[in-house]
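One structure follows; several queries about it will come next.
Just the heavy atoms: all of them, side chains too, but no hydrogens, waters or symmetry mates, feed the values below.
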Amino acid sequence: MKTGIKRFFDFEQSNSKLVAVLVTPTLLLVMGVVAYPLIYSFVMSFGNVEFADIKAYNFVGFFQYIKVFTDPEFINSILISAKFVFFTVLTKLVLGTLIALMLKEKFIGRSITRALIIIPWATPSVVVGLMWKWMLHSKVGVINFILERLGIIQAYIPFLSERKFAMPFVILADVWQNTPFFVIIILAGLQTIPDDLYEAANMDGAGAVRSFFSITLPLVKFPLFISAILGTILSINAFDLFFVLTKGGPGNVTTSATLFAWNNAFKFYHLSYASAISYSILLISMLITVVYVVIMRRKEIE
Amino acid sequence: MKMKFFTLKRLKRIMLYFFLTITMIFFLFPFYWIVTTSIQPNDQLYAPTPNFIPRDITFNNYVNILGAGKVNIAIALKNSLIVAAAVTVVCIVFGIFSAYAFARLKFRGSNIVFMGLIFAEMLPPVALLIPFYLIFKQLKKVGALMRIIVPVSLPGMVSSGVICFVFSMGEFMGAMAIVNVTRTQTLPLALAQFVTKYSIEYGNITASAVLAVIFPVVFVLIFQRYIVKGLTAGAVKE
């Protein structure tokens, strides 16, 4: 084996110049395309551009950022996003784990089931929004119909126009769409656990619940954390569902942080302000990620 | 010993199948619903009780949206596919080279660049849309489709090709900011139009939703093994 690896590295070294020539221009191009808008929008956030009038750019330092953090509407949208992120990630983690546990078992049609479960995640968010909008229709929606038949509600409710229900249903639509993402990752983690561990525990008298908490949970910590972090960032940046389902909800009950940024950018054309909002959201995302990583490191040391 | 039929193992099996069924119904019912909605005549859709099994079947809605009616989905669909294909190619090509560079070559500042890419992915897309919107307002010569392809590739450049396709077919916000000409609409945009302009014709809406779903879904079903591998490659420690 050693000679094989050595050969591989020799190949690397002798061709490294060729490789560098091939890769560098592409990499530069990628960096350029990615970096340019990043820097552009970053600089925007320190300006005072309204509408498409870039020539009127003035450098105003942290003015926009101060405005952002003292804007009650921004704070409100952050709280709404926080609520959204918290509930969706939590639900997706729990549901995702439960479903992954089920999909780990052997049963007829398991492969098909595993393939089918990915489909909601592959559906364009706009379509997901329209699907749920139709099912939640206040006059002829199937959900209203079923709930009334089951006696859970007395009269049809216009869910997405009700302050109490708008957010929960946006959460539901997101959970429906993105739980498969969690399921895939967690299932992959579950599959790395060897069966003999469970057999040994069984012989020692451990029940199903005990096995889960003592064997399963510790060993899928990493997939759980990864899906939680990714899921959190995706939820913070979620836009399409909010736009299609509620456009900010009755009043601004479902105006998430990103929707708030969008409104400022393309509804009111406060382009610099919107840039500052976006970078503030990024800042918060980074802080949350740091918190996640710190917790993860600490749990690994234990 | 009649109780032998209901062994604990049997019971667990029954529970497993039960919950699996509920789960699959939960995740798949909406698809069934939009398909059946899209093939029913409009008057039946607004009847007092919804039909779980359609009484009459018509393909009128599809005819409407593909040319006859007020909104033409065919163009949007074609555009979406073109964009998705182009974005995927761009993603794969750039992705391979960039990934290779980061993995093999140690050049000064590679860490910073990598962090930059991560930030680009974490940043709310709105921030990147603003520069694109401004830049493309000035570049009138650039083809409209190109205007969509470049910004849509942006988040995808860090991901793998298959996921790229799925995401780019779903890409909505970017396209909405940049394109407001019907001729070059992509599918999600056209669908969103239904929301604002035609608040009642859910037959048409669901028909276009079905068309919009078919491509990513089929694509995902074919490539699902690779998707799973791609998603979990970094997530599972060996």
Open item on the list: For A/S45, which atoms come within 4.5 Å of any heavy atom of chain B: side chain, backbone, both, or neither?
Closed with: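 Neither; nothing under 4.5 Å.
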Open item on the list: If I take atom CG from residue A/L283 and atom CE from residue B/M122, how far apart are they, to the nearest 0.5 angstrom?
Closed with: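 Spacing of CG (A/L283) from CE (B/M122) equals 9.5 Å.
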Task: Atom pair CD1 (A/I277) and CG (A/N263), whose distance is rounded to the nearest 0.5 Å - done: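 A/I277 CD1 to A/N263 CG: 9.0 Å, rounded to 0.5 Å.
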Open item on the list: Please classify the contact between B/I34 and chain A as side chain, backbone, both or neither, with a heavy-atom cut-off of under 4.5 Å.
Closed with: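 It is the side chain, since no backbone atom gets that close.
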- [ ] Quickly, which of A/V128, A/L172, A/D240 forms a side chain to side chain contact (heavy atoms under 4.5 Å, CB included) with A/Q177? Name it, please.
- [x]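 Per the side chain to side chain contact (heavy atoms under 4.5 Å, CB included) rule, the option paired with A/Q177 is A/V128, out of A/V128, A/L172, A/D240.
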Task: Residue part contacting chain B, namely of A/I117, when any heavy atom lies under 4.5 Å - done: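 Both parts, backbone and side chain.
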Task: Side chain, backbone, both or neither of A/T289 within contact of chain B (heavy atoms, under 4.5 Å) - done: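 Side chain only.
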Task: Heavy-atom proximity to chain B below 4.5 Å, by part of A/I236 - done: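 Contact with chain B is absent: no heavy atom of A/I236 under 4.5 Å.
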TODO: Can you tell which part of A/F260 gets under 4.5 Å to a heavy atom of chain B, answering side chain, backbone, both or neither?
DONE: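 For A/F260, neither part sits under 4.5 Å from chain B.
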Task: Distance under 6.0 Å and angle within 45° of ring axis: A/K221 vs A/F225 - done: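 Negative - A/K221 is either too far from the ring of A/F225 or too far off its axis.
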- [ ] State which residues pass side-chain contact (heavy atoms from CB on, under 4.5 Å) with B/V217; sequence neighbours excluded, sorted by chain then number.
- [x]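 Expected list: A/I119, B/V213, B/L221.
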Open item on the list: Quick check on A/M102 against chain B: is it the side chain, the backbone, both or neither that has a heavy atom closer than 4.5 Å?
Closed with: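 For A/M102, heavy atoms of backbone and side chain both lie under 4.5 Å from chain B.
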TODO: Begin with the C-alpha distance, continue with both residues' side-chain angles, and end with the deciding distance and a verdict on ring pair (Phe, Tyr, Trp, His ring centres under 6.0 Å) for A/H137 and B/Y202.
DONE: CA-CA 10 Å; A/H137 197 273; B/Y202 270 98; 5.5 Å; yes
Task: Part of B/F26 lying under 4.5 Å from any heavy atom of chain A - done: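 The answer is both parts of B/F26.
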TODO: Pick whichever of A/F42, A/W176, A/F107 has the most heavy-atom pairs under 4.5 Å with chain B.
DONE: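 Top count of heavy-atom pairs under 4.5 Å with chain B: A/W176.
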TODO: Not counting sequence neighbours, which residues clear side-chain contact (heavy atoms from CB on, under 4.5 Å) with B/F52? List them please.
DONE: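 Here the qualifying residues are A/V142, A/F145, A/I146, B/F29, B/W33.
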